[in-house]
Each structure stands twice: as structure tokens, then as C-alpha cells.
Undergrad: 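This is the structure, below, for whatever I ask next.
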Amino acid sequence: MRLLLIEDDVALGEGIHQALGREGYTVDWVQDGASALHSLLSETFDLAVLDLGLPRMDGLEVLRRLRDSGSNLPVLILTARDATEDRIAGLDAGADDYLIKPFDLAELKARLRALLRRSVGRAQMLIEHSGISLNPGTQQVSYHGEPVALTPKEYQLLHELLSPPGRVMTRDHLMQLLYGWNEEAESNTLEVHIHHLRKKFSTDLIRTIRGVGYLVEERR
Ligand code: CA
């Protein structure tokens, strides 16, 4: 799951970034409203955590413009303790949930899981392909009826390759999906994940398109 964190408080941002990274999210972090809006409109995320008090464009404005663009990305806003009006304005502007600072990281994680379940529930069906069955709601995967344990990154990669199959996914796209911009990754790390997926399913599930990326054929 790729998440955009928008928070200008460096200490708080670092805490959230680390906590959500450990939880298995790919976290991209920006620290001002203009960069946030640019990222939200040009990249694909599954969730956003949005602070309201931000330099260069305030969080409410970011949210309004995001919704004006037609996006229904789940957004959780972070607001200062006493700003009731902010909270109401945030929900009016299209936030899905809010947390009041200071908050517990465990609560943030729980709220995000709930948001994700709701958004996944809206759109998702079981994905089935070549004996693989992937349930986006529970993130459980089976192969010919047997459960298969995947790491969060393997799951993310498989989900992307199967949604829908038949598209060549470039290395750059997949690397950004798995690692975002902030996280350093070894250059062969994508190959390693692909190798593991082939071992867990079948060696010919994922085709390498030399110099470009990877492909799961539509029908095999
Ligand atoms: Ca702030």
C-alpha cells in the first residue's frame, strides 16, 4: 500500500514515516501543501495522511483541490487539538477521517486500516488468475486453493501485476510502487521479489521483458 504523508513537523513526520513503514506501507513524505497537491495529482496512492497547517498551501486547500479533480482517495487529516472548526471544515472538504494532535501512533495505524478496508470494500473483488486467488480486502492469497504467505512487498507486486494482467509494468513504475521516493533500495531488489514470486507460484507466471520490465500474460 502506497501512502502519501503530508506533514511539515519533521519530528512528527519522521515518527509517522517509520511507524507506517514498519507496518508495511510504502510511505512518501512531503512537507508542504504545494508539493503535496502536485504529488497527489501526478502519482497513484492508496491513502493520504494530511496535516492541515502547512506551508505553501494549507491542507484544506489541498484537500479541496484534490476532490475537485475527482479523486476519492481516502484521506485522514491531522489537526491541532483545539481547532474544532478545522475538523468540521476538513470533513466538509472531503476528508474521510481525522485525528487530533497529539495522537497515539497505534491509533493512527488502526484508523488507516479501517479507512483502507472501507475503500477496498467499495471497489474490490477477488482477483483470480492461473490458479492464484488474491483477496484485496483481506490481502490473503492462495494458489490452487492452498494459502500462500507473501511479504508485504511481494503482495503489492503481485497485486499490481494482476490488476489487470496483460500490461507490461516498467521497472521504474514497480520500484516506485514498492519503495516510493524516500526509501533507498538496492538495484537488484525488484528481481529478488520477482524471483520469490516465481518460486511461490510458477516460474512462467511473470515474464521478463528485457530492458523494460515485467508482464503477467492475460491468458495462459
Ligand atoms: Ca503543521
Side-chain angles (χ1 to χ4, degrees), residues 1-123 139 152-153 156 172-173 175-185:
M1 290 294 149
R2 188 173 181 202
L3 179 148
L4 186 66
L5 169 63
I6 305 140
E7 172 57 73
D8 61 319
D9 180 320
V10 173
L12 180 59
E14 269 169 9
I16 297 175
H17 188 203
Q18 281 176 15
L20 297 183
R22 277 196 300 271
E23 186 89 348
Y25 292 97
T26 302
V27 182
D28 288 312
W29 178 17
V30 293
Q31 301 183 16
D32 70 84
S35 306
L37 186 65
H38 175 77
S39 303
L40 289 167
L41 296 181
S42 58
E43 303 278 333
T44 307
F45 297 95
D46 300 293
L47 278 174
V49 174
L50 173 67
D51 180 32
L52 290 186
L54 290 171
R56 292 183 67 209
M57 182 186 296
D58 99 1
L60 277 181
E61 187 61 24
V62 172
L63 184 56
R64 280 194 203 102
R65 294 207 197 175
L66 175 71
R67 293 303 184 226
D68 283 349
S69 79
S71 165
N72 56 9
L73 177 75
V75 175
L76 181 143
I77 53 178
L78 304 176
T79 79
R81 178 183 281 276
D82 50 0
T84 311
E85 282 174 19
D86 268 7
R87 235 149 63 213
I88 294 168
L91 293 172
D92 281 346
D96 298 273
D97 199 0
Y98 64 86
L99 269 181
I100 300 166
K101 295 179 181 181
F103 53 83
D104 194 283
L105 283 172
E107 175 155 23
L108 175 64
K109 290 188 216 168
R111 298 283 192 97
L112 292 177
R113 281 196 298 270
L115 267 187
L116 216 47
R117 273 198 303 274
R118 271 189 267 156
S119 76
V120 162
R122 278 203 290 266
Q139 302 205 354
K153 295 221 187 295
Q156 215 174 358
D172 282 355
H173 171 77
M175 283 299 281
Q176 199 163 87
L177 182 84
L178 296 187
Y179 295 101
W181 314 303
N182 306 113
E183 203 173 327
E184 288 293 322

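Source: prediction; values computed, not measured. Index from 1, following the sequence. In each ligand, atom 1 is the first atom listed, and ligand 1 is the first ligand listed.
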Undergrad: Please enumerate all residues that pass side chain to side chain donor-acceptor pair (under 3.5 Å) together with Asp172, with sequence neighbours excluded.
TA: none

Undergrad: Using a cut-off of 3.0 Å, find all protein N, O or S atoms closer to the Ca ion (ligand 1) than that distance.
TA: Asp8 OD1, Asp51 OD2, Gly53 O

Undergrad: Which pairs count as salt bridge (charged side-chain N to carboxylate O under 4.0 Å, His left out) when at least one residue sits in residues 7-22, sequence neighbours excluded?
TA: Glu7-Lys101

Undergrad: Return a table of donor-acceptor pairs under 3.5 angstrom between the side chains of residues 39-47 and protein atoms on other chains or two or more places apart.
TA:
residue : atom : partner : partner atom : Å
Ser39   : OG   : Ser35   : O            : 2.9
Ser42   : OG   : His38   : O            : 2.7
Glu43   : OE1  : Arg2    : NH1          : 3.2
Asp46   : OD2  : Arg2    : N            : 2.7

Undergrad: Could you tell me whether the side chain of Asp32 reaches within less than 4.5 Å of the side chain of Met57, counting heavy atoms only?
TA: no

Undergrad: Any heavy-atom pair between the side chains of Leu99 and Leu78 that's under 4.5 Å?
TA: yes

Undergrad: Is the closest side-chain heavy-atom distance between Ile16 and Phe103 below 4.5 Å?
TA: yes

